[in-house]
Engineer: 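Got a structure for you, questions after.
We number each residue from 1, following the sequence as shown.
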Amino acid sequence: MTIAATLATIWLAGAASAATVLERTSVVGQARSQDTLLPQAIPFDIETAGSYTATLRDLNTPALLQSLQAIVVRDFQTVAQLELQYASDAEPAPVMATFAATPGRYQILVIGAPRADEPGGTFGVSVAPSAGGAPVGGGADSISANIGAPEGVSVLEAQFDVSEAGNYQLTVSDHGFPAALQIEAIVLPQMGGTPATIAPGATSVSFAAAAGSHKLLVIATAAQPDSSGLYSVRVSGGPSVQTVYRSTNPVGLTRAVMETELPAAGNYELTLTDLIFPVALTSFSAALVQEDVLQGTANGEGSASITAQQGAAQLFSFATSADVGALALNLRQAGAQTIAADVVASDGAADPGTLEIYTYTPAQAVAAGIYRLRLHDFRFMSPLAALHALVIQDETIIDRLDGPQSRDLVLQAGKIKVIVAAQPPMGSATVPGNALFGISLAAQAAGASVFNSTQGVGGLFRTHVVEIPAAGRYDITLTDLEFPAPLLTGALAITRGTE
């Protein structure tokens, strides 16, 4: 992984009092797939002026890195810079840098690259008084070679507690939704006990467990073309014949929609509707699961009858699209009222230059009344190529917005969801297209805000929330630290709601 540069410190201060209300320094990757892997800045405070020494080391876990560098930053300035020398396969010696410090807030930023064919590595960094004493800052983190599991692979790591020693059983259930999976499952007992692994072709394994905490690892791999699936895993047994762990897990484009409570055993209707937002889905389906059992599925537009039991149930969806889309689900008791309803966004495009979809679900329900929804294109750094919004209560469409605009909405009491589809402007081979939109919803009568958000689309955006302590004029500064190389582009916007 190659890193392009370190983004400058962002500094915001009151012009009159010179009191700093925001100071951030960030590292930026060449692409979003790399950007998500970068270690976070490590802040620390120095309370006493004097000489301090920063130390950087490769922890050689699980493997040595290929390169490792760090800087210590204070008020736009690099006060120390460190780089390990990798001359061979031997572990490099830690490197140190001494600097004079005054009291204040500092930050450590680290970049590096893993070796070819290695999953990544880890590093440690610390700052301590040069004359000796406890470190005043530092930490450890990892530098990874990839952003996680490959497409169509789900990795579950869970911990479960056993209160009574005894014999237990690990069971996996592949629900074949939308297609079968290859599942590997293993229990790692505490204190280095013998692992229990489900054999190929089997669905369960028995193992002896002592009282205490144990770890469960499940790797589920989906096949093409769907690269998606759904499975349940359960650990049960012991003297009291109890279930100590249970979960149902989606893979790939399968999504967990909601949990609900079914009032009685009997027939239920599961209805699916393509909202054609902003374009039609290419395929879609849904599944109802209770505990470890798949009760039924619905496929395509329309309704399916499902026989289910009284009690807790989970809804899962699977949808594909050429770009992005939205699927409405409604579960009702046969001949009775709706039990559960929701809308799920689908994003099947990996290209950051195509439409991207965002969902806003305020935690608090709204009261019945008139609300003003505003969808705004900041035209920063360029206008969006496309911008759409869909306002939903349950699975009912309240309104659609195509393009930046404001709209008055009549809402009923209850939860609300807003889905936004946005496409960034065309970028280049070296600089991605960047754009920024804002969205807000407020009650017309009292002007009380339900939610507001600013969202970057397409580029390597950083968002920093800052509380302004008093009205007045403020100075904002953006600086490229040119570590280890200058940035190609850099820009900054300050927003409040959709302004």
Side-chain angles (χ1 to χ4, degrees), residues 1-9 24-46 50-101 105-148 460 462 479-488:
M1 180 180 66
T2 304
I3 307 303
T6 300
L7 178 67
T9 299
R24 294 287 192 277
T25 305
S26 303
V27 182
V28 177
Q30 287 184 325
R32 285 197 295 179
S33 59
Q34 299 171 341
D35 198 57
T36 57
L37 304 173
L38 296 170
Q40 297 296 309
I42 303 173
F44 66 97
D45 293 313
I46 288 181
S51 177
Y52 290 80
T53 298
T55 303
L56 178 67
R57 54 175 52 87
D58 188 328
L59 299 180
N60 195 11
T61 304
L64 285 174
L65 293 163
Q66 178 179 306
S67 64
L68 188 63
Q69 301 177 62
I71 56 174
V72 181
V73 177
R74 165 78 190 279
D75 289 344
F76 311 113
Q77 301 294 324
T78 299
V79 299
Q81 186 162 340
L82 308 95
E83 181 174 3
L84 264 66
Q85 301 300 316
Y86 291 86
S88 66
D89 289 335
E91 183 174 326
V95 63
M96 294 180 288
T98 299
F99 61 97
R105 169 56 60 97
Y106 292 75
Q107 292 187 83
I108 305 170
L109 294 108
V110 181
I111 64 171
R115 298 195 170 201
D117 303 322
E118 293 289 355
T122 51
F123 66 86
V125 61
S126 63
V127 176
S130 301
V136 296
D141 206 340
S142 63
I143 293 175
S144 177
N146 55 61
I147 58 174
L460 301 171
R462 295 288 189 276
T479 306
D480 185 354
L481 297 179
E482 300 187 5
F483 166 74
L487 290 162
L488 291 175

Engineer: Is any side-chain heavy atom of F99 closer than 4.5 Å to a side-chain heavy atom of V127?
Structural biologist: yes

Engineer: Which residues pass the side chain to side chain donor-acceptor pair (under 3.5 Å) test with Y106, sequence neighbours left out?
Structural biologist: R74

Engineer: How far apart are the closest heavy atoms of P129 and A134, and which atoms are they?
Structural biologist: CD-O, 3.3 Å

Engineer: What do the steps show when you test I111 against F483 for side-chain contact (heavy atoms from CB on, under 4.5 Å), and what is the final call?
Structural biologist: CA-CA 9 Å; I111 64 171; F483 166 74; 4.1 Å; yes

Engineer: Tell me, do D141 and T122 make a side-chain contact under 4.5 Å, heavy atoms counted?
Structural biologist: no

Engineer: State the CD-CD distance between Q69 and E83, to the nearest 0.5 angstrom.
Structural biologist: 4.0 Å

Engineer: Is T98 close to S51 at the side-chain level, that is, under 4.5 Å between some pair of heavy atoms?
Structural biologist: yes

Engineer: Do you know which two heavy atoms are closest between A80 and A97, and how far apart they sit?
Structural biologist: CB-CB, 4.2 Å

Engineer: Please enumerate all residues that pass side chain to side chain donor-acceptor pair (under 3.5 Å) together with R57, with sequence neighbours excluded.
Structural biologist: none

Engineer: Do the side chains of L56 and L84 get nearer than 4.5 Å, heavy atoms only?
Structural biologist: yes

Engineer: Would you indicate whether the side-chain heavy atoms of L82 and T55 approach each other to under 4.5 Å?
Structural biologist: no

Engineer: Any side-chain heavy atom of V136 sitting closer than 4.5 Å to one from D45?
Structural biologist: no

Engineer: Quick check for you: to the nearest 0.5 Å, what is the distance between L68 atom CG and Q85 atom CD?
Structural biologist: 11.0 Å

Engineer: Which atom pair, heavy atoms only, marks the closest approach of V72 to A54?
Structural biologist: CG2-CB, 4.1 Å

Engineer: For a quick test of reading the model, state the closest non-hydrogen atom pair linking I42 to G138 and the distance between them.
Structural biologist: CG2-O, 3.6 Å

Engineer: Which distance, rounded to the nearest 0.5 Å, do you find between the CG of L481 and the OG1 of T78?
Structural biologist: 5.0 Å

Engineer: Does any non-hydrogen side-chain atom of Y52 lie less than 4.5 Å from one of V79?
Structural biologist: no

Engineer: I'd like to check F44 versus R105 (side-chain heavy atoms, cut-off strictly below 4.5 Å). Are they in contact?
Structural biologist: no

Engineer: Of the non-hydrogen atoms in A41 and Q107, which two are nearest, and what is the gap between them?
Structural biologist: CB-OE1, 3.4 Å

Engineer: Restricting to non-hydrogen atoms, name the atom on P92 and the atom on D58 that form the minimum distance, rounded to 0.1 Å.
Structural biologist: CG-CB, 4.3 Å

Engineer: Roughly how far, to the nearest 0.5 Å, is CD of E91 from CG of L59?
Structural biologist: 8.0 Å

